[in-house]
Each structure stands twice: as structure tokens, then as C-alpha cells.
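Data first, discussion second: the structure below is written as C-alpha cells.
Residue numbers run from 1 in the order of the sequence given.
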Amino acid sequence: MMNSAKKLRLLELTVLFFLFLSCCSTCSAWFGSSSNNNNKHKSSSNTNGRNSPHEHEATSSSSSSSSFLNRFHGDSSIMLSVHGNVYPVGFYNVTLNIGHPPRPYFLDIDTGSDLTWLQCDAPCSHCSQTPHPLYRPSIDLVPCRHQLCASLQQTDNYQCENPNQCDYEVEYVDHYSSLGVLVNDFYLLNFTDGNRLKVRMTMGCGYDQVFPDSSYRPLDGMLGLGRGKSSLISQLSGQGLVRNVVGHCLSVHGGGYIFFGNLYDHSQLTWTPMSSRDNKHYSTAGAAELVFGGKISGVGNLVAIFDTGSSYTYFNSKAYQALITWLKKELAGKPIKEAYDDQTLPLCWHSKRPFKSIYEVRKYFKPIALSFTSSGKFKAQFEIPPEDYLIISNMGNVCLGILNGSEVGMGDLNLIGGIKHFHQNSSMNSASKNCYLYADISMLDKVMVFDNEKQLIGWAPADCNRVPKFRHVSI
């Protein structure tokens, strides 16, 4: 996730608050309009709200466990079921119950950004179609000088047009964005130790979204799982509810789970140190080298970021060109040829008959990997098999789902991500504008663990269809 450098403006508006007669009623507020219609940010002068950090409820459930998960010894944890798939849905999401009383919302999963936000009736200037009614914001506003507000700003000396509220604007790599204000509200969360809590946390009320065609997803908002102070895991650990560890396991067949807290067996995963210099992204501390088909490529000194919110996996220019050269050499003499007429992605191949599945072509391709050196001794290898870096286009061709990050302003970074759902390329001619594609994500069928306390990134092959169940709670 990358913040926009746009200048933010303030719109003075009338605030209408609907106060409630009992603790079971909905706590909501929305921001009206004023005479100045040229500015984007909406304003409020009322910051009254609930102060209780969390409320307790009881729950129970059945028991069982997955092989890489620890038995519990006092650590509380949270696990959420993941829905969706690569095809035909084209994205993965979780359901969170938010508000007072809680209501369900579908949230996109993004380890590359911090802020969790909902499309918000404040009222909404630009909101896409959502599966649930727009979120009605609470009256509990976050002040402009709050540390969570500061963590989302471009500079330390940001301007506070209204000291009683925090305006935010976030922009993502795929060029969609959200503009809104920060509020506090309750999340209803089931813990694996049997507790059910209504936890008061900060989130975004997004009343102005931009969704390019290529990144539109019919969801209520975004679940930010990054390293920053405003992320869900940082807030949960800051309240002492879970350890500062987040992980996910996404199945190639659809579904999976994400978890917060210490749920894994450290010895069952491969680990590499996390960068201490990048406090926003899950980037590696040690440099990696590319491995093609089990052989060292000679391309090294690579810094990698793991990001579920990115549409593709990106290599820097040097690594990308080395990959292209190797692939062309490997495919020479094989019954697939470069498809110059397929503009789905920069590099595609065709055969005599259209391909229907990645598994029809994986025999022509070999795995690639990033090999990380830890303390100059141990090499942790993150393997990407062919089915995780290739896609099938609507024309029945196989295309390379790894792109040149240097061409999209990523400099020397390498980003491990990549799920692209139905996508219309506006640069195509009219005859091919309905060319849709899907791509596997490079982290599918792996448990990925981001341990912010030990500063480690871990992974292991896993059956993500087997969602763990616990003695007190199931998801």
C-alpha cells in the first residue's frame, strides 16, 4: 500500500448525531453538507463517544487442530474463516461483525496496508456496490493529533484543519483509493480460549472511493493487516489481547483462514528475518537470489515484500529480464510458441489448441524460487511453482503472471503477491476488450506467518482447506 501525496482539503459540514436509548441500539452518525462544495474532506466538531475498550460475551465450540498450530498455554488468539477463490470469484475475503449492535461486513484481505476501513454512509460521495448496507459511522471520532491519525499521514508536520477529527486518504498500488475519517467502533471477536469480546478499535469511514475497473471488487471495505500502528493486529496486540503475530492460509481451491496471535509451531515453518527499516510492509531483511528450475540464476541482492493485496508478483528490471531470458531458453523446441496477438499480459504463449487449465501447461515450465540467506549460513527458500506464476487468458493462452516492477514505479523492490480476478484491459482494441483472465496467487496453499515480535517471516506448504477447530471456538 502506498499513500497518495495529494493535498487534502477540508469541507465544513453540519454534523447530525443520532443518540440511542439503550446499549442494544445502533450507534451511528453521518455528516451532512454545507455551502462549500468544492472541498473533499468532511468535518465534525463532536468527539463524544464510548470509552470502554471492550465488552465480554461467552461462547463455546468443538476441538481439533492443524499440524503446524501450537496447543495453547495461556495465549489468546483469533481465527477468521476466509471465503472466495481465484476463479470464478477472483478474490479472498473475511467477514467481520462491526458496530453496536454488530453487523456483518465483507472485507478484502491486504497484508500490504494498515488501515481497516468500510465504505461509509457519511453520506458517501463515491461508493461502489456493496453486499451489505453502507456502514453508518459511530459518533466516536478520532482526534487529528492522535497517534493513529499521525501514522497515516504523509509527514510528521501534517495540518489539522479540524482538531476533533482525523482525515485520511490511502492509495494502493493498483490505483484505487479511499478518502474518509477515522472513527472508533466495536468489533465482535471470537477468541480461541472461549472468550467473545466486543473490542473497541479504530477504523476508517470511507466516504469517497476510487475503484478502477481492474481492481473493483464487490466488498464492503478493506482489512489492513500490515505492520503499522493502525493495522488490526497492531491494535489488538496494543490492547494486550493477542501477540503481535498475523498469518494466513489461502487455498487454491477456495477458502482458508487468517489468524492473529501465536498459533503456529515455530519448528514446522521456514523462516527469514523481517526488515527492521521498513515499518509498513512485510519485507525481508536479508537479500535473496533467484533460483530458476533448481539452479542459481546469478541474480541476487533482491529485497522482497509479501503483499496479499497486490494483483501480481513483481520483479525488478534485472530479475525480470533474467526470468524472461531463462523462460525463452527453456521453452525453445517445445510445442508452445509466443502469442504476440494476446495483449492480456506482456508475455503469453499459445499451442495448437486453447489451454483450459494451468495444469495442462505446467509440464513445460519449472519452479522458480527466492533463496534468502540468514546470518550468512542458512538459506530459506520460497518456492513459486508454475501454477503460481502462470495464468490462462480468455484466448486460451498461457501468460506470465510476474511483471516488471521497475516499469510501474517500484524501483528495485520485488513484491510477492498476485491475485487478479476478471479484468478488462482498457488499452485493448474493441475486438479484444472482453479478454478476461485469472491468476493464481504466489502464496496459495502455504501458511504464511508474520511475527512482528520476533521480526520473522515464515512459511510452509499446507492444506488450507483444513480449517483448524479448537476446544472452545470454531470459525
Side-chain angles (χ1 to χ4, degrees), residues 1-13 15 29-31 33-34 36-44 47 107-108 110-128 130 134-135 137-138 141-185 201-212 214-217 219-232 234-235 279-281 307 309-310 408-409:
M1 187 277 290
M2 299 180 181
N3 286 331
S4 168
K6 299 176 183 176
K7 180 179 180 181
L8 307 184
R9 298 174 295 172
L10 185 73
L11 176 59
E12 293 298 328
L13 302 170
V15 179
W30 53 93
F31 307 86
S33 61
S34 78
N36 184 359
N37 293 321
N38 295 321
N39 294 329
K40 293 175 69 177
H41 278 299
K42 303 178 182 182
S43 177
S44 169
T47 59
L107 300 180
D108 201 356
D110 187 11
T111 56
S113 65
D114 297 331
L115 183 65
T116 295
W117 54 266
L118 291 173
Q119 297 198 73
C120 179
D121 188 8
C124 192
S125 301
H126 296 96
C127 282
S128 66
T130 57
L134 292 175
Y135 168 72
S138 78
L141 297 174
V142 175
C144 182
R145 290 301 174 189
H146 192 279
Q147 62 174 348
L148 293 187
C149 184
S151 72
L152 294 169
Q153 308 303 320
Q154 293 291 321
T155 61
D156 293 335
N157 60 345
Y158 62 95
Q159 297 297 313
C160 282
E161 301 285 352
N162 185 332
N164 295 324
Q165 78 174 46
C166 174
D167 299 310
Y168 78 84
E169 184 173 12
V170 291
E171 185 175 347
Y172 300 85
V173 171
D174 292 333
H175 306 296
Y176 63 93
S177 63
S178 176
L179 178 77
V181 295
L182 293 189
V183 298
N184 296 308
D185 212 335
M201 289 189 292
T202 297
M203 56 179 283
C205 159
Y207 56 74
D208 191 351
Q209 276 69 240
V210 174
F211 292 94
S214 62
S215 61
Y216 166 71
R217 300 175 183 182
L219 295 166
D220 296 303
M222 180 71 69
L223 176 62
L225 302 177
R227 300 176 66 181
K229 293 179 180 179
S230 65
S231 77
L232 189 61
S234 294
Q235 293 190 61
N279 59 5
K280 290 289 186 180
H281 307 103
D307 181 1
S310 171
V408 294

- Looking only at heavy atoms, which two atoms of Q235 and T202 are closest? And how far apart? OE1-N, 2.8 Å

- Task: Mind checking the SG-CG spacing from C166 to L152? Nearest 0.5 Å is all I need.
- Result: 6.0 Å

- Message: Just verifying a value: how many Å separate N164 CG and L141 CG, rounded to the nearest 0.5 Å?
- Response: 8.0 Å

- Item | Side-chain heavy-atom pair L179, Y168 within 4.5 angstrom cut-off | no

- Query: Quick one: does C120's side chain get under 4.5 Å of L118's, heavy atoms only?
  - Reply: no

- Task: Identify, with sequence neighbours excluded, every residue that meets side chain to side chain donor-acceptor pair (under 3.5 Å) alongside H146.
- Result: none

- side-chain contact (heavy atoms from CB on, under 4.5 Å) between L223 and D110: does it pass, once the steps are laid out? CA-CA 6 Å; L223 176 62; D110 187 11; over 6 Å; no

- Item | V183 side chain reached by V142 side chain, heavy atoms, under 4.5 Å | no

- Which heavy atom in D108 sits nearest to a heavy atom in L219, and how many Å separate them? CB-CD1, 3.5 Å

- S231: side chain to side chain contact (heavy atoms under 4.5 Å, CB included) partners, not counting sequence neighbours: D114, I233, S234

- Derivation of the side-chain contact (heavy atoms from CB on, under 4.5 Å) call for D185 and M201: CA-CA 6 Å; D185 212 335; M201 289 189 292; over 6 Å; no

- Mind checking what makes side chain to side chain donor-acceptor pair (under 3.5 Å) contact with N157, not counting sequence neighbours? T155

- Item | Qualifying residues under side chain to side chain donor-acceptor pair (under 3.5 Å), relative to T116, sequence neighbours excluded | none

- Contacts of Q209 that satisfy side chain to side chain contact (heavy atoms under 4.5 Å, CB included) - sequence neighbours left out: W117, Q119, C124, C127, S178, F211

- Task: Using modelled atom types only, decide if a donor and an acceptor are shared between the side chain of S138 and the backbone of N184 within a distance under 3.5 Å.
- Result: yes

- To the nearest 0.5 Å, how far apart are OG in S151 and CG in D156? 11.0 Å

- Closest approach of R227 and H281, non-hydrogen atoms and distance? CD-O, 2.9 Å

- For the residue pair M222 and L107, establish whether any side-chain heavy-atom pair is separated by less than 4.5 Å. no

- Message: Applying side chain to side chain contact (heavy atoms under 4.5 Å, CB included), can you list everything that pairs with C144, at least two apart in sequence or on another chain?
- Response: Y158, C160

- Query: Does Q153 use its side chain to pair, donor to acceptor, with the backbone of D167 at less than 3.5 Å?
  - Reply: yes

- Task: Could you tell me whether the side chain of E169 and the main chain of S177 form a donor-acceptor pair under 3.5 Å?
- Result: no

- Of all heavy-atom pairs between Y207 and A122, which one has the smallest distance, and what is that distance? CB-CB, 4.1 Å

- Hey, what do you get for CG (D220) to OG1 (T130), rounding to the nearest 0.5 Å? 5.0 Å

